[in-house]
Amino acid sequence: MENDIKWVKTHCARMDHGGCALMVGVRDDTIVRVKGDPDGFLNKGYICPKGLASPDRLTHPDRLKHPLRRVGDRGEGRWERISWDEAIVAISENFQGIKERYGAKGVAFCQGMPKGIEHFVLIRLANMFGSPNVVSVQDVCHAPREVTGLHTCGFYPVADFHHRSRLVMVWGSNPTSTNEEGEISSLLLEQIKNGTELIVVDPRQTDLAKKAKIWLQLRPGTDNALALAFLNVIIEEQLFDKDFVENWTHGFEELTQHVRDYAPEKMSEITWVEPDLIREAARLYARSGPAAIQWGNAIEQHISAFDTARALTSLMAICGNLDVPGGNVQANEPKILPLGKFVRADLLPTKWKEMIHTFHHTIPKLMTVPPAFLREAIIEETPYPVKGVYVQCSNPLLAYADSRMTFNAINKLDFLVVADIFMTPTASLADMVLPVATQFEFNDIGHYGLGHGYILARPKIVDPPEECWSDIRILNALGRAMTPGEYWFDDPDDLLEALLKPSGLSYSQFAEQGYLKGEDKFRKYESRGFRTPTGKVELYLSTKEKFNLRPLPEFTGPPEEDPAFPLILTSSKNPYYMHSSYRWIEKLRKKSPEPVVEIHPETASKLNINEGDQALIATKQGEITQTAHLTEGVHPAVVNASYGWWFPEEDITSQNNWIKSNLNILTSVDKVGKEFGTPNLKGICCSVRRKE
Ligand SMILES: Nc1nc2c(c(=O)[nH]1)N[C@H]1C(S)=C(S)[C@@H](COP(=O)(O)OP(=O)(O)OC[C@H]3O[C@@H](n4cnc5c(=O)[nH]c(N)nc54)[C@H](O)[C@@H]3O)O[C@H]1N2
Ligand SMILES: Nc1nc2c(c(=O)[nH]1)N[C@H]1C(S)=C(S)[C@@H](COP(=O)(O)OP(=O)(O)OC[C@H]3O[C@@H](n4cnc5c(=O)[nH]c(N)nc54)[C@H](O)[C@@H]3O)O[C@H]1N2
Ligand code: SF4
Ligand SMILES: [Mo]
């Protein structure tokens with residue numbers, strides 16, 4: 001039987017950011033096996049449980065297979081099956097109608113975690129339709145790191161796992177579970193095996209924390225204070241790279257004065273990390289170049305995201321770790337169509353003036369609307385009303401902070417379309433649900449536009465079932481129906497051809513080759529300076545007045561405290577799921593059957609909670625239930641809850657389904673960071689009690 005399997009190469013996708021090269025075994029247009037491809041330059045054969053289970057997405061009996069139109073009340077679960085032609089016409093008519101009444105900006109286009117080029121085709125559609133409002137989860141995912149990098153040093157500094165680092169400092173990131181955005185952990189683990197030292201900054205004792213030379217178990221939400229203490233030590237003790245600081249930084253004097261206020265002793269009270277340990281870690285980082293900071297979600301799921309990212313970028317700079325092999329680098333893109341051209345930014349030059357978040361004075365270069373501001377626009381009609389929403393690759397009812405606000409916003413919409421592979425809680429509230437083809441079922445390109453310097457081929461391997469269309473095909477059809485047809489194609493694959501054209505490769509040649517990577521080049525600033533107004537790394541922002549930014553990284557104030565909610569809530573991503581997705585895949589559900597909250601045994605004992613008990617977790621916002629797991633891996637004052645939980649096996653029309661264990665019932669957008677509209681998802685006051 002083995003020899004009638006045909007093996008095809010592709011890259012894993014849509015189970016996280018993707019990246020692992022895979023060998024996919026096919027028989028009779030069905031995927032029968034997958035394994036890691038030893039030739040994969042990011043994974044060298046590695047594959048995780050999600051990757052192994054990924055073909056099960058395709059064959060699940062409950063998968064959406066036909067376009068559906070709502071017939072009953074919103075959320076009642078009554079649908080009629082319609083044709084694709086009817087669906088495209090109805091969406092186009094509804095969105096055109098809103099455009100006539102409220103302007104094109106009255107329609108918003110929402111994307112979840114970018115999964116492939118559909119994100120950029122969606123922006124192209126919005127630009128051509130005339131709406132400046134593309135919404136994404138960037139407020140809590142990558143934009144704080146990327147955009148702060150652009151303002152500080154002219155690029156997004158990513159950890160380079162492809163060259164040897166003497167030390168890696170993993171800060172608020174958990175790559176052995178998340179392999180976040182192409183940083184596949186197998187490369188890091190190989191370096192550690194070969195002697196690279198490790199510092200881990202995480203309130204939980206992760207697998208990497210167990211391997212680390214130094215583990216800084218900080219109080220959740222205080223990364224900002226800790227990073228400033230690092231700067232204090234390194235500058236006071238003169239451990240910085242003097243040549244680099246002298247030649248390539250702007251405002252070192254100001255930074256030196258400024259960080260005097262942040263001595264480890266003082267910051268220790270806030271962060272709970274012993275002053276000596278802060279000193280030891282700061283010295284080790286400064287003395288171990290080349291050193292990379294693998295930074296993650298934790299630093300940017302907090303209102304102080306901008307200042308934390310500023311402090312960490314400053315740390316990379318003054319220690320001489322920017323754009324050196326094994327440090328934090330500016331990736332060089334391969335020769336492909338630049339993003340702006342692909343999305344046709346030229347067609348909507350007024351975008352930056354009209355986007356919803358411009359009215360909230362967010363930071364320049366933030367191109368997508370933060371969800372907090374989208375919902376305000378829908379509910380309060382400020383700065384103007386939004387009446388129609390197209391959602392793709394996203395489940396906002398679970399993913400956005402303050403789920404009840406999302407529910408209220410959805411209920412105020414005139415028209416909601418959701419494109420998904422499965423009926424989710426968000427889709428169940430839509431006016432129209434579109435069944436999509438997913439990974440393995442259409443030609444796609446991975447990692448375009450993510451700033452990592454490579455793109456990955458994800459060729460079609462099997463046919464999609466019944467009437468499932470890829471997002472790209474749907475958007476192309478919508479483009480033809482509701483924007484000037486000349487910008488769209490007879491064959492949606494021509495979008496991929498256009499993107500690849502500057503490389504001289506056709507899609508099939510690219511698929512054959514597997515990936516395209518920009519040339520490795522380092523210390524590019526030596527020939528052209530840093531792409532900032534001063535040509536240097538701006539430790540002090542020269543644009544502070546122009547953009548109304550804090551010029552130096554500041555400690556934005558002590559974390560909230562509330563005697564009624566004495567514990568501190570944080571969360572981390574589940575290694576077996578992507579966000580709210582795939583609880584319906586049996587192999588994965590077996591590994592992680594229910595939402596779990598980690599509690600320290602001493603705390604649990606005081607609360608009279610035993611292993612496996614149902615625990616009620618409450619914040620000012622609301623209350624949810626998760627199953628208690630006792631572990632010494634969390635601090636006694638901290639609980640680590642699961643995020644993204646709903647129950648596909650239960651009644652989807654019941655509100656209890658998405659409310660009962662959903663972490664975002666507990667989060668709020670009452671307070672958001674000014675630069676990115678980021679709410680606090682980590683480090684929130686909570687209480688826990690046993691559910692009787
Ligand atoms: N409290 C809290 N909230 C968070 C986070 C957190 O850590 N804590 N993390 C945040 C982060 S980092 C992110 S990125 C967001 C994620 O937010 P989302 O991206 O909205 O979350 P997902 O659950 O991944 O939603 C993806 C949806 O896409 C569908 N899908 C899968 N493949 C395809 C496809 O090919 N096409 C289409 N159209 N749909 C597909 C899935 O079935 C699923 O319903 O959540 C954010 N929210
Ligand atoms: N399995 C899986 N993989 C994924 C995803 C998924 O949902 N599941 N999502 C993908 C996406 S969209 C993203 S953006 C990436 C995110 O990838 P990561 O950045 O790795 O995301 P998290 O697991 O949210 O957080 C990382 C670590 O931060 C710690 N942490 C919690 N609170 C704090 C704090 O206040 N300070 C510090 N320093 N650490 C804290 C957590 O304990 C956790 O170990 O992962 C991607 N990969
Ligand atoms: S780590 Fe990510 S890219 Fe690699 S196999 Fe797992 S889900 Fe796929
Ligand atoms: Mo994310």
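Every number for a ligand or one of its atoms is a count from 1 in the order of the listing. Note: hydrogens, waters and symmetry copies are ignored here, and every other heavy atom, side chains too, is used.
The distance from ligand 3 to the heavy atoms of K50 drops below 4.0 Å at these ligand atoms: 7 (S). Short contacts between ligand 2 and P575, defined as distances under 4.0 Å to a heavy atom of the residue, involve ligand atoms 1 (N). Close contacts of ligand 3 with G18, meaning ligand atoms under 4.0 Å from a residue heavy atom, involve 3 (S). Per-residue contacts place M113 under 4.0 angstrom from the following atoms of ligand 2 (heavy atoms of the residue considered): 12 (S). The contact set between ligand 2 and P220, taken as ligand atoms under 4.0 Å from a residue heavy atom, comprises 34 (C), 35 (O). Using a 4.0 Å cut-off to heavy atoms of G19, the atoms of ligand 3 that qualify are 3 (S). Residue-ligand proximity, T206 to ligand 2, at heavy-atom distances under 4.0 Å covers atoms 44 (O). Of all atoms in ligand 2, numbered sequentially from 1 with element shown, those under 4.0 Å from a heavy atom of Y577 are 1 (N), 2 (C), 6 (C), 7 (O), 8 (N). For ligand 2, the atoms sitting less than 4.0 Å from at least one non-hydrogen atom of S177 are 1 (N), 2 (C), 3 (N), numbered in the order shown with element in parentheses. The ligand atoms of ligand 2 that sit less than 4.0 angstrom from a heavy atom of S571 are 31 (C), 41 (C). Applying the 4.0 Å criterion to heavy atoms of M15 picks out, from ligand 3, the atoms 7 (S). Listed by number with element, the atoms of ligand 2 under 4.0 angstrom from any heavy atom of S572 are 23 (O), 41 (C), 42 (O), 43 (C).
Looking at R219 and E560, no side-chain N of the basic residue comes within less than 4.0 Å of a carboxylate O on the acidic one, giving no salt bridge. Checked for salt-bridge contact, E441 and K460 miss the test: no charged N lies under 4.0 Å from a carboxylate O. Here R14 pairs with D471 in a salt bridge; the nearest charged N to carboxylate O distance falls below 4.0 Å.
Of the candidates D16, L218, N574, V137, it is N574 that places a heavy atom closest to atom 1 (N) of ligand 2. Comparing N174, T178, L208 by heavy-atom distance to atom 45 (O) of ligand 2, the nearest is T178. Here the shortest heavy-atom distance to atom 26 (C) of ligand 2, taken over G19, G296, G172, belongs to G172. Of the listed residues (D223, T570, N224, N179), the one carrying the non-hydrogen atom nearest atom 36 (N) of ligand 2 is D223. The closest heavy-atom contact to atom 11 (C) of ligand 2, among the options H17, R145, M578, E180, comes from H17. Between the choices A298, G18, G683, the shortest heavy-atom distance to atom 39 (N) of ligand 2 belongs to A298.
Given atom 30 (N) of ligand 2, the protein heavy atom at minimum distance is P203 CD, 3.6 Å. Scanning all protein heavy atoms for the shortest distance to atom 6 (Fe) of ligand 3 gives C48 SG, 2.3 Å. N297 OD1, 3.3 Å is the protein heavy atom nearest to atom 16 (C) of ligand 2. In this structure, atom 4 (Fe) of ligand 3 lies nearest to the protein heavy atom C20 SG, 2.3 Å. Looking only at protein heavy atoms, the nearest one to atom 43 (C) of ligand 2 is D202 OD2, 3.3 Å. Among protein heavy atoms, the minimum distance from atom 8 (Fe) of ligand 3 is reached at C12 SG, 2.3 Å. Protein heavy atom in closest approach to atom 35 (O) of ligand 2: G221 N, 2.8 Å. Of the protein's heavy atoms, N179 ND2, 3.2 Å lies nearest to atom 1 (S) of ligand 3. Scanning the protein heavy atoms around atom 12 (S) of ligand 2, the nearest turns out to be H579 NE2, 2.9 Å.
The cationic atom of R583 (NZ for Lys, CZ for Arg) lies less than 6.0 Å from the six-membered ring centre of W645 and within 45° of the ring axis. By the 6.0 Å and 45° rule, K210 does not stack over the aromatic ring of W215.
Side-chain rings of H357 and F676 stay apart, their centers remaining 6.0 Å or farther from each other.
For the pair H17 and P114, the tightest heavy-atom approach, listed with the atom from each and the gap, is CD2-O, 4.4 Å. Closest heavy-atom contact between R57 and A13: NH1-O, 3.1 Å. Taking every heavy atom of both residues into account, D160 and S165 meet most closely at O-OG, 3.9 Å. The two residues K50 and D16 make their nearest non-hydrogen contact at NZ-OD2, 3.3 Å. What you find for H447 and E181 is that their closest heavy atoms are NE2-C, 3.8 Å. The two residues G449 and F120 come nearest to each other via the heavy atoms CA-CZ, 4.0 Å.
Counting just the N/O/S atoms of D16, the one with the shortest distance to atom 2 (Fe) of ligand 3 is named OD2.
Under the 4.0 angstrom criterion for non-hydrogen atoms, N43 is not in contact with ligand 3. For the ligand labelled ligand 2, residue Q301 lies outside the 4.0 Å heavy-atom shell. Residue contacts with ligand 2 leave out M15, since none of its heavy atoms falls under 4.0 Å from the ligand.
With a 4.0 Å cut-off on non-hydrogen atoms, C48 does not touch ligand 2 at all. Residue E181 does not touch ligand 2, judged by heavy-atom distances below 4.0 Å. Residue contacts with ligand 2, taken as heavy atom pairs separated by less than 4.0 Å, involve C141 solely via side-chain atoms from C-beta onward.
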Please determine whether side-chain contact (heavy atoms from CB on, under 4.5 Å) holds for the pair Y577 and Y643, giving the CA-CA distance in whole Å, both sets of side-chain angles, and the decisive distance to 0.1 Å. CA-CA 10 Å; Y577 301 114; Y643 131 81; over 6 Å; no
Tell me, with the steps shown, if T10 and Q439 meet side-chain contact (heavy atoms from CB on, under 4.5 Å). CA-CA 10 Å; T10 186; Q439 169 67 359; 4.1 Å; yes
Using side-chain contact (heavy atoms from CB on, under 4.5 Å), reason through Y285 and L167 one step at a time and then give a plain yes or no. CA-CA 7 Å; Y285 172 75; L167 174 123; 3.8 Å; yes
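Checking only distances, K573 does come within under 3.5 Å of ligand 2, N or O to N or O.
Ring planes of F422 and W584: parallel class, angle under 30° (limits at 30 and 60°).
Annotation for K573: atom NZ counts as buried by contact number, over 12 foreign heavy atoms lying within 6.0 Å. Other residues, nucleotides and ligands contribute at most 12 non-hydrogen atoms within 6.0 Å of the CD atom of E586. Other residues, nucleotides and ligands contribute at most 12 non-hydrogen atoms within 6.0 Å of the NZ atom of K591.
To the nearest 0.5 Å, atoms CZ (F41) and CD1 (I184) are separated by 10.0 Å.
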